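Shown next, in structure tokens, is the structure this report addresses.
Because the structure is predicted, anything quoted here is derived from the model rather than measured. In what follows, chains carry the letters A, B, and so on, assigned in the order in which the sequence lines appear, proteins first and then strands, with residues in each chain numbered from 1.
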Amino acid sequence: MQKYNPGKVEAKWQKQWLSKKPFKATESKKKPKKYILVEFPYPSGAGLHMGHLRPYVAADVYARYHRMKGFETLFPMGWDAFGLPAENYAIKMGVHPSITTKKNVANAKKQMLSWGLSFDWGREINTTSPEYYKWTQWLFLQFYKKGLAFESTGLINWCPKDKTGLANEEVIDGKCERCGTVVEKKELRQWYLRITAYAEKLLQGLKELPQWPEAVKLQQENWIGKSTGAEIEFGIKNYELRIKVFTTRPDTIFGATYMVIAPEHEIISNLKLQISNYKEVNKYIEKAKSKADIERTAEGREKTGVELKGIKAINPATKEEVPVFVADYVLGSYGTGAIMAVPAHDQRDFEFAKKYNLPIKTVVVPIVPLDPKQLATLETYENNASKYVEKTVRQVEGEYKLWVDKFLKEISSKDSSILELGSGRGLDANYVESLGYKVQRTDGVQSFIEYQKSQGKEVIKLNLLTDKIEVKPYDLIFANKVLLHFNSDQFKIIVKSINASLKRGGIFAFSVMDFAKSKEWFGKDPKMESERYFKYWTEGEMRKELHGLGFTVLDVLETKATDTGYKDLLFITKKCSDLCFTDYGKVINSGQFDGLGTDVAIPKMAEIFGTQVVNYKLRDWVFSRQRYWGEPIPLIHCEDHGAVPVPEKDLPVKLPNVKKYEPTGTGESPLADIKSWLKTKCPICKKTAWRETNTMPQWAGSSWYWLRYMDPKNKNKFSDLQKQKYWSPVDVYFGGMEHTTLHLLYSRFWNLFLYDQGLVSQKEPYVLRKPHGIILGPDGEKMSKSRGNVVDPQTIVKQYGADVLRMYEMFLGPHESMVAWSDTGVVGVSRFLDRVWNWANEIIEAPHEARKGKGEKGVQDTQKVERELNKLIKKVTEDIENFRFNTSISAFMEFHNQIKDDFITLESLQKFIKVLHPFAPYITEELALRSAEVLKLKKNKVTSLQQAVWPLFDESKILESESEIVVQINGKVRGKLRVALNASEETVKNEALKLEPVKQALVGDTIKRVIFIKGRIINLVI
RNA sequence: GCCCAGGUGGCGGAACUGGUAUACGCUACGGACUUAAAAUCCGUCGCCCGCAAGGGAUUGAGGGUUCGAUUCCCUCCCUGGGCACCA
């Protein structure tokens, strides 16, 4: 037998597939359909790379499998060929982009053919062919006619290197998505598509896509960025003007101590005369405008702003006058371009307020969430704690007394306010009061423990405890052991609340039990829940936590140990910084709204002070590019009629074939220089008119291409509705994660729009989206020329053949995870296919049936082969359906390892070849042909395994007659047993007891419990 | 900072609804074949103790639930991705 020669076999089958067309898709009423789509490539000069291979191979396996399963399968391919690289190359080399594109397409197609991808080339499309872009232009006009394509002048993202405007989605980290250049702002006249009109539909549509990965949906959802809030008007003192703000937290309006407007805000020019420092303000605005976004949002950048002197706004809730600032931390393009600043409850306003010394007013305090499970803990605690507290109660003596006396001396006046939380025994309020100070207590002289006992429900009790912390500038807050009752999260919430109530520089003192001892005491009780509900603080942990909450620890005192050895720790801390509380909670300092939960207050206050509104982060899509190599926007500008659509009969507006097409950089398209093309007649009045010179973005052609595949040759329609009704929607769409907020969002938008126009049959174009992970270089880094770690797929094809390339790519790991290519690993798959070739050919040339002798009726596979084969078919079938290609490859190898020395019929061998076919199409076609010749099947009827039927598996043949039972003692494996398939617990137990290790383990012990899982495990608990 | 996804031998990775962790492949080592090498075939191979039989610990760390946890729960750490002055 000759060694497998992939080069020869692959060339043969490529030819065969091209001429016999087994991948051709035709609408068939008899068969169910599958539309399998994979993102079409941009054909670059470098050719296709590993990044393309991954989704293509996966999609191909999926498509080949479904053809064999009896589906009429549409698996098309085309070329997304408009774009900058071709154009830039053309400029550099003086070759027209249409020429390089043609060359690149031919090369990419050659690569695809070599990889054995089963595309229906009869449906090939190219976005740069006039027959295709005629319809891209026509579809653009549908948007235009519905007012969803519009012209507007504004500040847009501009890439200085590519010399063109960009959409919001094309700016990644402030850089151009294509070339990585830092994006600038430029004021330009642009065409937009009103994608914002579809923000809600795009968001709602995601709910109808249960088969999409959550990550993809979430990313689109975040990009659309819906937020519900209120618009509230602030009046300007002495003027009729008002400033409208958008806020998601109308519940904090009583804390709005100033306003901020964006530099672009119109009120500035309206009040030019009234602003006494206009010069300064204007200077700030000019400076802000010149900044690139990346500069403006740079991390850690300090907030800047200028007050509009001479004008004051009125807070509609408090009726107080508040200053108005202009600052670039407020964006002109979001909401109303103005905000009410609530420094106590918004991090940005907080930073700004601190810098410019603006008042910070707390109007929301946290509510401590209490887990119902904690109640059990508290009960146990109570039972133990009263005893514990008795033992550790300090009188005011020793170090505590010294500290109290010292502190009281330090605070100047006797009407300083002190708040004590919890038990009165720590600070001893009576003692402090005896010195003439006033102490506000939360629960009188009664200890916290007693207080707890006196109350019915613990939840209320604890809430009362925290609720009593009023926001009032205390000098000292003392909490005795109260904080012990909370876990780390709750501790944070309470200390935040204390922070808000304490004067700057005020003292927060609290005691906790010595952690080691408290653990010893309470940890013993089995009913005591873990740290989930009850935190044993160590000193170090406490210090760290406090620091993050705005306190510095001044001192930590220890009480003297009681005779039983228990101690307390007293932490004395000073408030060193204010905290900004941005969470929800309870409203305070807000007049009639005091005491409301923020959840209730938000809609209520929104209604009273303004109106509820919804805002989206999504921006309209900047749809024009100032470049040559794209679809011309099919509009004509007439002096009398404005922008007039090119009549349908005149479409497409072809790109003029010229020699020079450098971008101008001025914001004008190079087409503006081509006078002969530019000048035309108005379709309405026939007067001289001028063509629109901008072209469409890269994303235009791909926004509808899946619709064209269903009807690629239609001269009268972009896509026939009847054909769509057969093929639509796309059942699986393979592609990259990087397109989630670009192509994937854009194409959903186009489809939703066309659906509304009755032009497409399905609301959502893709039922299932399957993203793939990227393939890294052998060094685990991203493949790149500069790193020199690029693996060229064609090199692998040449060396090992396409089947190996395909199978190894899949073997690397799960389709959606990031994997590193390995140059040594690839030989494993190559060896496997060689072994399969040799093994299969041996059987084909000398069938086991023949060897076993003639006349022997019903020659069969060994039982083992039957079992393994059915297992394999089941595994592979399920793996493909679930996109787990990597484990299928393992299963093939395992199967071969298992049965290679067994008796196997040709029929079984053919089943194996069939299930392997989607993964390794070439070698399997060849083997299938050879075996068919031996079996004298009429080979001219069947031209490809693609017409063969996918084998079914027989579940009953997978079951073994015996099963292995694992014998465990207390969950540890002590032995194994082979027993009959449905052996009873009793039988298995008796057998298990005979095992030597089991006997040994049972010496001196009795079996308390037996856990038996039929066919799997017996666990003896002793 | 916020939101996702993930963390298993020397490496890529496998493990059904909680039931023998490390399948499959690579690497490494030993052997056969060969004048020799490559290729191929056979065997060994996670860690610690042990000559062995055997025992012990182990799925990022710590804790919990359970007869039993890679899988479920809590806390923390790390890596990758997305968003980010969006009010």
Side-chain angles (χ1 to χ4, degrees), chain A residues 3 172-173 213-223 225-227 229 245-249 252 260 293 296-299 301 303 327-331 333-342 345-349 351-352 371 487-489 529-533 535 582 615-619 737-738 740-741 773-774 780 808 811-814 816-829 831-832 834-835 838 878 884 886-895 897 964-973 975-976 997 1008-1011 1013 1015-1022:
Chain A
K3 200 177 174 307
I172 314 281
D173 284 333
E214 280 312 307
V216 173
K217 285 193 275 188
L218 239 121
Q219 214 172 301
Q220 287 207 351
E221 205 179 303
N222 291 340
W223 187 259
K226 181 180 183 173
S227 68
V245 302
F246 174 72
T247 179
T248 54
R249 293 294 300 270
T252 63
V260 186
D293 264 8
R296 201 170 136 172
T297 62
E299 211 174 330
R301 198 178 86 83
K303 301 210 169 4
D328 66 4
Y329 82 89
V330 170
L331 308 174
S333 51
Y334 183 78
T336 60
I339 59 152
M340 60 175 208
V342 186
H345 305 292
D346 182 281
Q347 192 60 39
R348 295 150 299 177
D349 298 342
E351 283 165 30
F352 192 82
D371 191 319
N487 67 22
S488 159
D489 277 347
E529 291 280 346
S530 69
E531 278 143 75
R532 240 182 298 178
Y533 314 117
K535 171 100 180 139
T582 56
N615 259 304
Y616 301 91
K617 283 201 260 183
L618 189 72
R619 303 291 152 78
M737 206 60 197
E738 70 275 15
T740 303
T741 53
I774 56 169
Y808 185 61
F811 191 49
L812 281 173
E816 65 284 1
S817 49
M818 193 193 274
V819 289
W821 184 269
S822 157
D823 289 324
T824 51
V826 71
V827 303
V829 170
R831 283 174 193 159
F832 167 71
D834 281 344
R835 280 193 286 256
N838 294 335
E878 289 172 358
R884 290 189 306 241
N886 55 326
T887 50
S888 281
I889 312 290
S890 302
F892 288 123
M893 292 172 171
E894 246 174 303
F895 171 77
N897 288 345
E964 195 176 60
I965 304 261
V966 174
V967 182
Q968 294 182 337
I969 306 267
N970 287 345
K972 289 209 165 168
V973 181
K976 285 163 197 178
K1008 286 200 196 110
R1009 211 178 136 186
V1010 179
I1011 285 120
I1013 312 275
R1016 279 190 198 277
I1017 206 162
I1018 183 159
N1019 187 9
L1020 308 174
V1021 184
I1022 56 172

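Rounded to the nearest Å, the gap between the C1' atom of rA61(B) and that of rG55(B) is 26 Å. A gap of 28 Å separates the P atoms of rA14(B) and rC3(B), to the nearest Å. On the P atoms, rG80(B) is 33 Å away from rC29(B), given to the nearest whole Å. Nucleotides rC26(B) and rG60(B) place their C1' atoms 24 Å apart, quoted to the nearest Å. With C1' as the reference atom, rU70(B) and rG18(B) are 11 Å apart, rounded to whole Å. rA21(B) sits 8 Å from rU8(B) when the C1' atoms are compared, rounded to a whole Å. If you take atom P in rC72(B) and the same atom in rA5(B), they sit 12 Å apart, rounded to whole Å. A gap of 16 Å separates the P atoms of rC24(B) and rC41(B), to the nearest Å.
The side chain of R831(A) places no N or O atom within less than 4.0 Å of a non-bridging phosphate oxygen (OP1 or OP2) of rG25(B). Under 4.0 angstrom from either OP1 or OP2 of rG25(B) there lies at least one side-chain N or O belonging to N897(A). Using a 4.0 Å cut-off, some side-chain N or O of N886(A) falls inside it from OP1 or OP2 of rA14(B). For rC11(B), neither phosphate oxygen OP1 nor OP2 lies less than 4.0 angstrom from any side-chain nitrogen or oxygen of S822(A). Checking the phosphate oxygens (OP1, OP2) of rA21(B), no side-chain nitrogen or oxygen of K972(A) falls inside 4.0 Å.
Comparing G825(A) and V966(A), the nucleotide of RNA chain B nearest to each residue sits closer to the 5' end for V966(A). Residue order along RNA chain B, read from the 5' end via each residue's closest nucleotide, puts I172(A) first among D346(A) and I172(A).
If you take CD1 on I339(A) and CG on D349(A), they are separated by 4.0 Å, rounding to the nearest 0.5 Å. How far CG of D346(A) is from OG1 of T582(A): 8.0 Å, rounded to the nearest 0.5 Å. Considering CD1 of I1018(A) and CD1 of I965(A), their distance stands at 7.5 Å, rounded to 0.5 Å.
Atom CZ in R835(A) sits roughly 7 Å away from atom P in rG25(B) (whole-Å rounding). The separation between E894(A) atom CD and rU22(B) atom C1' is 13 Å, rounded to whole Å. Residue M818(A) contributes atom CE, which lies 10 Å from atom C1' of rG6(B) at whole-angstrom precision. The CD1-P distance, from I969(A) to rG55(B), rounds to 12 Å in whole Å. In this structure, Y329(A) places its OH atom 19 Å from P of rA84(B), rounding to the nearest Å. In this structure, R1016(A) places its CZ atom 7 Å from P of rU20(B), rounding to the nearest Å. Regarding N222(A), its CG atom lies at a distance of 9 Å from the C1' atom of rC4(B), rounded to whole Å. Distance, I889(A) CD1 to rA14(B) C1': 14 Å, rounded to whole Å.
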Could you check T252(A) against H345(A) for side-chain contact (heavy atoms from CB on, under 4.5 Å), going step by step and ending with a plain yes or no? CA-CA 7 Å; T252(A) 63; H345(A) 305 292; 4.1 Å; yes
Checking side-chain contact (heavy atoms from CB on, under 4.5 Å) for the pair Y334(A)/S227(A): CA distance, chi angles, key distance, verdict? CA-CA 11 Å; Y334(A) 183 78; S227(A) 68; 2.9 Å; yes
Between M893(A) and V829(A), is a side-chain contact (heavy atoms from CB on, under 4.5 Å) present by the stated rule, with each step listed? CA-CA 9 Å; M893(A) 292 172 171; V829(A) 170; 4.2 Å; yes
As a quick check of understanding, evaluate side-chain contact (heavy atoms from CB on, under 4.5 Å) for V330(A) and D328(A), giving each step before the final call. CA-CA 5 Å; V330(A) 170; D328(A) 66 4; over 6 Å; no
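Among rC83(B), rC85(B), rG19(B), the nucleotide with an atom closest to any side-chain atom of W223(A) is rC83(B). Nearest nucleotide to the V330(A) side chain, out of rU27(B), rC67(B), rA87(B): rA87(B). For N1019(A), whose side chain is taken as the heavy atoms from C-beta onward, the closest listed nucleotide among rC85(B), rC67(B), rA23(B) is rC67(B). Here the side chain of F246(A) is nearest to one of rA87(B), rC24(B), rG12(B), namely rA87(B). Side-chain proximity of M893(A) to rG19(B), rC24(B), rG13(B): nearest is rC24(B). Distance from the side chain of T887(A) is smallest to rA14(B) among rC67(B), rA23(B), rA14(B).
As judged by a 4.0 angstrom heavy-atom cut-off over every strand, L812(A) is placed among residues touching the sugar-phosphate backbone only. When heavy atoms are screened at a 4.0 angstrom cut-off, A215(A) is found touching the sugar-phosphate backbone but no base atom. As judged by a 4.0 angstrom heavy-atom cut-off over every strand, E816(A) is placed among residues making no nucleic acid contact. Within 4.0 Å of T741(A), counting heavy atoms only, lies no atom of the nucleic acid at all. Note on L218(A): only backbone sugar-phosphate atoms sit closer than 4.0 angstrom, heavy atoms only; bases stay farther off.
With hydrogens and angles ignored, a donor-acceptor pair under 3.5 angstrom links the side chain of E964(A) to the base of rU20(B). For K617(A) against rC83(B), no side-chain N or O and base N or O form a donor-acceptor pair under 3.5 Å.
E214(A) places none of its side-chain heavy atoms less than 4.5 Å from the side chain of V216(A).
A cation-pi arrangement is not found for K303(A) relative to F352(A), the charged atom failing to lie both closer than 6.0 Å to the ring centre and inside a 45° cone about the ring normal.
For rC33(B), there is no paired nucleotide, since no Watson-Crick or G-U wobble pair has both relevant distances below 3.5 Å. Pair check for rA5(B) finds rU79(B); Watson-Crick or G-U wobble, both atom distances under 3.5 Å. Searching all strands for a Watson-Crick or G-U wobble partner of rA38(B) with both distances below 3.5 Å returns nothing. rA53(B): no Watson-Crick or G-U partner with both key distances under 3.5 Å is found in any strand. As the counterpart of rA28(B), rU44(B) is assigned, both hydrogen-bonding distances of the Watson-Crick or G-U wobble pattern falling under 3.5 Å. Of the nucleotides present, none pairs with rA84(B) by Watson-Crick or G-U wobble criteria with both distances under 3.5 Å. Nucleotide rG62(B) is matched to rC74(B) when pairs are restricted to Watson-Crick or G-U wobble geometry with both distances under 3.5 angstrom.
Anti is the glycosidic conformation of rG63(B), whose angle departs from 0 by more than 90°.
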